[in-house]
Number of protein chains: 2
Amino acid sequence: MGGIADVAKRAGVSKATASRALTGAGYVSPTTRQKVVSAARELGYVASTSAVSLATGRTRNVGVIMPYVNRWFFAEVLEGIQRSLLERDLDLTLYDAKPGTVGRQRIFDDYLARKRFDGLIAVGLEPADHEIERMHAIDRPVVMIVGDEGTTCTVGIDDDHAVRRATEHLIGLGHTDIAFLGGGGADWAMVDRRRLSGYEAAMAEAGLADRAQHVQSEVTLPGGYAAAADLLGDTRRPTAVVGVCDEVAIGAMIAARRLGIRVPSELSVVGIDDHEFAEMFSLTTLEQIPREQGSAAVDLLLQQIAQPDRPPVDVRLKARLVVRASTAPPDTRA
Amino acid sequence: MGGIADVAKRAGVSKATASRALTGAGYVSPTTRQKVVSAARELGYVASTSAVSLATGRTRNVGVIMPYVNRWFFAEVLEGIQRSLLERDLDLTLYDAKPGTVGRQRIFDDYLARKRFDGLIAVGLEPADHEIERMHAIDRPVVMIVGDEGTTCTVGIDDDHAVRRATEHLIGLGHTDIAFLGGGGADWAMVDRRRLSGYEAAMAEAGLADRAQHVQSEVTLPGGYAAAADLLGDTRRPTAVVGVCDEVAIGAMIAARRLGIRVPSELSVVGIDDHEFAEMFSLTTLEQIPREQGSAAVDLLLQQIAQPDRPPVDVRLKARLVVRASTAPPDTRA
DNA sequence: TTGAAAGCGGTACCAC
DNA sequence: GTGGTACCGCTTTCAA
């Protein structure tokens, strides 16, 4: 079936010439090229990817490894990456590496070593040391989204900046009783720790260090709901909440409504993300655009693939404050 | 670096023997096998996937094509597929084929033809005729999740059954003013049409044909919210709503709360899915388990790959009614 | 500008 | 049981 040999024969040229004409590498006279191209089209010729890879050492495929695909941020990033790759005629192989699963182990131990890709994008992976080692061992460029700047390229928002803006926004409105909701527990992500620190720093700088309060919560919408339900059930509750992300913040808003606590008059809520639900909940938040981070990562990766020796770049975006109706000055009638 | 030739040399055998020892195909004496295996381990040998593919014609890779990855159902299915493939040492190449985009066109026109996979799983694709043609043209087994039974294997729930159960549940509680929320508009998915028909049939059978009411809505949580906000703002509103899926149903619940309409006393809501938010919203729903559909699809696909001539199988699951607190008899005080 | 031929890294048939 | 060898389908020197 339709190998390049058939195309060559039909065009009356050699395999070599056919290859040159089709790939665009090397000289071919315009007329010959035309003949080859027509022959290929007539035969419905499509090059075998494995043969091409074997011969060139390039897979025209990018690996994407992430711990979740069902959370807003990750799904958006994935879409951004996919769209970018699609434009460039590149494939995408997905690795779902949930923390603490044997699947993740297999991915790092076996899958990566197979080098089915020219480069790897790791999203919010929080890799352990031996995992980082594996990633470097494969000798392919790596770009991380949400990771620490270091030896590899990195894309992400400035978390410290974002959470400070969030906290300062509340402080600026007059709040002093501001809780930070989200994170904590066993496998607590670095992002979430960073955000907590930023919150604490902002509180301290405003002389509110002793009012700072961290409420643990799973970093999901139901998680935020559950944690907030506990927190707000108490009569001695904060007047404002910073959610570690919008999902948690929205969970808190829903919990507040259930408890009959009015947002924003009785409780102000800020998030970080600008999640697809943020507008519907009128959530004040710090906007990040994961799709753009995805395509930025692709750009960086392709640069690294083209020039492996370039020093690692660090793209650190500033999140923009989007004020909606979930924040207001504290109710002073109390 | 590290080809099978090196392994063979180190083990003191031929490439052929090394290959047999490593792949498990063909006879090799236990001792020889041991030698080869150790040599391979010592060298950190990993077979080149492109070379294997070229030689065997098998890619050990499965393509997954879906229109969204950021919606609950799709993300869950994807995770289910991924987990199944991971267990079997198979890779997953993702194609994000959003309706009406050039990206989708490229996927069907170019990407599929490259046959980077041994089989394809299409999720909720609603393919046009020429797209179906393309899928068959690649001459690889295809399994569809949420599709019409026909020439290919199919996995999915019995939508008619599910929506009837939902509607009958409400009718059984005494409701007669039951609206169906979701679907309609330009590129209206078949699933949603099927569900609407089921609802209409159930209404008709209960003698409520003239009370049937379809309210258009984008099939997302914010979409359901917006549509319900309109619908429920009217004083002459239904006493119950069937959401085309949980996302829409939950959007409706949120809208109701905003409007001060109490669920379930003033409004009953049923969904279909058992979405991750369903419990938190106490939503009565018909449970489907997308992850299981994903792994079922993988099973079917592998069977087809092993025995291409098997007749297409149709897995049609029954959704289970999960009664929570979003449904109750209509308020009769009115 | 084009063609012949040597790989790329495995697998699998066939003879020993 | 094991080894020699002809492919798999394409790219890429190197000569002509």
Side-chain angles (χ1 to χ4, degrees), chain A residues 1-37 39-40 43-61 89 91 110 113-118 138-140, chain B residues 1-37 39-40 43-61 89 91 110 113-118 138-140:
Chain A
M1 33 169 149
I4 200 176
D6 297 330
V7 175
K9 194 182 302 173
R10 181 171 189 119
V13 299
S14 70
K15 273 170 55 182
T17 304
S19 172
R20 265 175 260 141
L22 261 16
T23 60
Y27 294 115
V28 183
S29 80
T31 36
T32 312
R33 169 186 309 284
Q34 250 324 310
K35 274 190 300 188
V36 175
V37 169
L43 262 39
Y45 168 75
V46 177
S48 146
T49 52
S50 35
V52 173
S53 298
L54 185 56
T56 62
R58 287 242 166 291
T59 61
R60 301 202 58 77
N61 184 37
D89 229 60
D91 270 300
D110 307 336
R114 291 208 263 271
K115 306 185 191 184
R116 254 199 140 103
F117 40 76
D118 298 330
I138 55 175
D139 196 42
R140 296 265 185 285
Chain B
M1 32 169 148
I4 199 173
D6 298 330
V7 175
K9 194 183 304 174
R10 179 171 191 121
V13 299
S14 71
K15 272 172 58 181
T17 304
S19 173
R20 264 175 263 142
L22 261 15
T23 60
Y27 295 115
V28 184
S29 79
T31 36
T32 314
R33 169 186 309 284
Q34 250 324 309
K35 275 192 297 187
V36 174
V37 169
L43 262 40
Y45 168 75
V46 178
S48 146
T49 51
S50 35
V52 173
S53 297
L54 184 56
T56 62
R58 287 244 168 288
T59 61
R60 301 202 57 77
N61 184 38
D89 229 62
D91 270 301
D110 307 335
R114 291 208 262 271
K115 306 185 190 181
R116 255 199 141 101
F117 40 75
D118 298 330
I138 55 173
D139 196 40
R140 295 268 185 284

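To find a chain, count down the sequence lines: A is the first, B the second, and so on, and within it residues start at 1. Below, each value reflects all heavy atoms present in this structure, side chains not excepted, and no hydrogens, waters or symmetry copies.
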Hey, does [X] reach any base, or is it just sugar-phosphate, or nothing, if we go heavy atoms under 4.0 Å?
{"X": "A:T32", "value": "sugar-phosphate"}
{"X": "B:S53", "value": "nothing"}
{"X": "A:S50", "value": "nothing"}
{"X": "A:S48", "value": "sugar-phosphate"}

*asked:* Both A:T17 and B:A16 contact DNA chain D. Which one's nearest nucleotide lies toward the 5' end?
replied: B:A16

*Which sits closer to the 5' end of DNA chain D, B:A51 or B:V28, going by the nucleotide each is nearest to?*
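Residue closer to the 5' terminus by nearest nucleotide: B:V28.
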
Provide, to the nearest angstrom, the distance between the [atom1] atom belonging to [X] and the [atom2] atom belonging to [N].
{"X": "B:I4", "N": "D:dG3", "atom1": "CD1", "atom2": "C1'", "result": "13 Å"}
{"X": "A:L22", "N": "D:dT12", "atom1": "CG", "atom2": "P", "result": "13 Å"}
{"X": "A:R20", "N": "D:dT11", "atom1": "CZ", "atom2": "P", "result": "11 Å"}
{"X": "A:R114", "N": "C:dG10", "atom1": "CZ", "atom2": "P", "result": "13 Å"}
{"X": "B:D6", "N": "C:dC8", "atom1": "CG", "atom2": "P", "result": "11 Å"}
{"X": "B:L43", "N": "C:dG9", "atom1": "CG", "atom2": "P", "result": "14 Å"}
{"X": "A:Y27", "N": "D:dT13", "atom1": "OH", "atom2": "P", "result": "14 Å"}
{"X": "B:K35", "N": "D:dT2", "atom1": "NZ", "atom2": "C1'", "result": "11 Å"}

_Taking atom types as they are modelled, would you say the side chain of B:K15 forms a donor-acceptor pair with the base of D:dG3 within the 3.5 Å cutoff?_
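Counting by modelled atom types and ignoring angles, no donor-acceptor contact under 3.5 Å is found here.
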
*Which nucleotide in the set C:dC8, C:dG10, D:dG3 lies at the smallest distance from any side-chain heavy atom of A:A55?*
C:dC8

*Considering only side-chain heavy atoms of B:L54, which listed nucleotide, D:dC8, C:dG10, D:dT11, is closest?*
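In terms of side-chain proximity for B:L54, the closest of D:dC8, C:dG10, D:dT11 is D:dC8.
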
*asked:* Salt bridge check, B:D89 against A:R114: does any charged N sit closer than 4.0 Å to a carboxylate O?
replied: yes

*asked:* Among A:S53, A:S48, A:S50, exactly one meets side-chain contact (heavy atoms from CB on, under 4.5 Å) together with B:S53. Which residue is that?
replied: A:S50

_Consider side-chain contact (heavy atoms from CB on, under 4.5 Å). Of A:V36, A:V37, A:T31, which one does A:R33 pass it with?_
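Exactly one pass, corresponding to A:V37.
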
*asked:* I want to check one thing: is the phosphate of D:dC10, taken as OP1 and OP2, less than 4.0 Å away from some side-chain N or O of A:Y45?
replied: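 For D:dC10, OP1/OP2 do have a side-chain N/O of A:Y45 under 4.0 Å.
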
